[in-house]
Colleague: 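Here you go, one structure.
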Amino acid sequence: MIEDLVQIRLLGEKKRPENERFRRYLKAHDHSDRRLRRMAEAIEEQIDCTKCANCCRVATTRISERDIERLSRHLGTSPERFVTDYTTTSEDEGLILKRGDTGCVFLEGNLCGVYESRPDTSSRFPMMQGVNRSIVLGRWKCRHRACYSPIVYNALESFKEDAGFTR
Ligand code: SF4
């Protein structure tokens with residue numbers, strides 16, 4: 001298991017082509033999605049996100065209407081005020097949480113300042129599955145996330161081994 005963030009970034013970048021090849025391999029080999037999910041969960045259990053928080057530092061966080069309602073209630077403000085104060089628009093992703101020099105606007109040290117009411121994107125992260133909940137067929141962001149998320153990087157490496165993928 002590799003948890004060092006510098007190593008993860010270097011290896012994740014280096015392995016981008018390999019991980020893309022692995023995605024095609026998975027699709028072609030009809031690998032059990034349930035099995036991959038179980039392996040991803042086992043990796044998640046071994047990594048303490050409160051000691052890392054790198055995903056909150058690096059990744060953008062999409063916001064839905066439901067998130068806006070929940071978070072504005074949590075912060076005791078109106079949905080309109082919440083949108084003005086805490087969100088911005090990204091060309092690719094639509095409405096996202098604002099970010100500062102150290103990442104998400106709600107990140108406090110390594111902890112989430114709105115944890116109980118955090119956006120759905122955050123509670124599902126690092127979301128090994130795509131929108132259709134399939135690791136194999138989903139919109140595969142794993143190869144990007146493997147450059148900054150210890151969970152995704154290590155899960156992908158376990159998947160490769162389990163699937164008999166030749167690196
Ligand atoms: S809302 Fe919380 S969990 Fe989500 S990115 Fe921001 S700090 Fe991280």
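Values reported hereafter were calculated over all heavy atoms of this structure, with side chains retained and with hydrogens, waters and symmetry mates removed. Counting starts at 1 for both ligands and their atoms, in listed order.
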Colleague: Closer than 2.8 Å to atom 8 (Fe) of ligand 1, how many protein N/O/S atoms do you count?
Modeller: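 Every protein N, O or S atom under 2.8 Å from atom 8 (Fe) of ligand 1 counted, the figure is 1.
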Colleague: Output the distance between atom CG (Asp33) and atom CG (Leu26), rounded to the nearest 0.5 Å.
Modeller: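 Separation between the atoms: 9.0 Å.
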Colleague: Of the non-hydrogen atoms in Pro119 and Thr61, which two are nearest, and what is the gap between them?
Modeller: CG-CG2, 3.9 Å
Colleague: Side chains of Lys160 and Tyr25: donor-acceptor distance under 3.5 Å anywhere?
Modeller: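 No, no side-chain donor-acceptor contact under 3.5 Å.
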Colleague: Please walk me through it: do Glu41 and Arg37 pass salt bridge (Lys or Arg N to Asp or Glu O under 4.0 Å)?
Modeller: CA-CA 6 Å; Glu41 281 161 15; Arg37 259 205 298 271; 5.3 Å; no
Colleague: For ligand 1, note which part of Leu97 has a heavy atom under 4.0 Å away: side chain, backbone, both or neither.
Modeller: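 Just the side chain.
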Colleague: Take Glu3 and Lys51 through the salt bridge (Lys or Arg N to Asp or Glu O under 4.0 Å) test and state the conclusion after the steps.
Modeller: CA-CA 10 Å; Glu3 293 186 54; Lys51 293 205 172 111; over 6 Å; no
Colleague: Let me confirm one number: the CE-OH distance from Met1 to Tyr153, rounded to the nearest 0.5 Å.
Modeller: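 Here the interatomic distance stands at 12.0 Å.
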Colleague: Which atom names give the shortest non-hydrogen contact between Thr102 and Arg57, and what distance separates them?
Modeller: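 Smallest heavy-atom distance, with atoms named: O-CG, 3.5 Å.
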Colleague: Just which atoms of ligand 1 are under 4.0 Å from any heavy atom in Pro119?
Modeller: 1 (S)
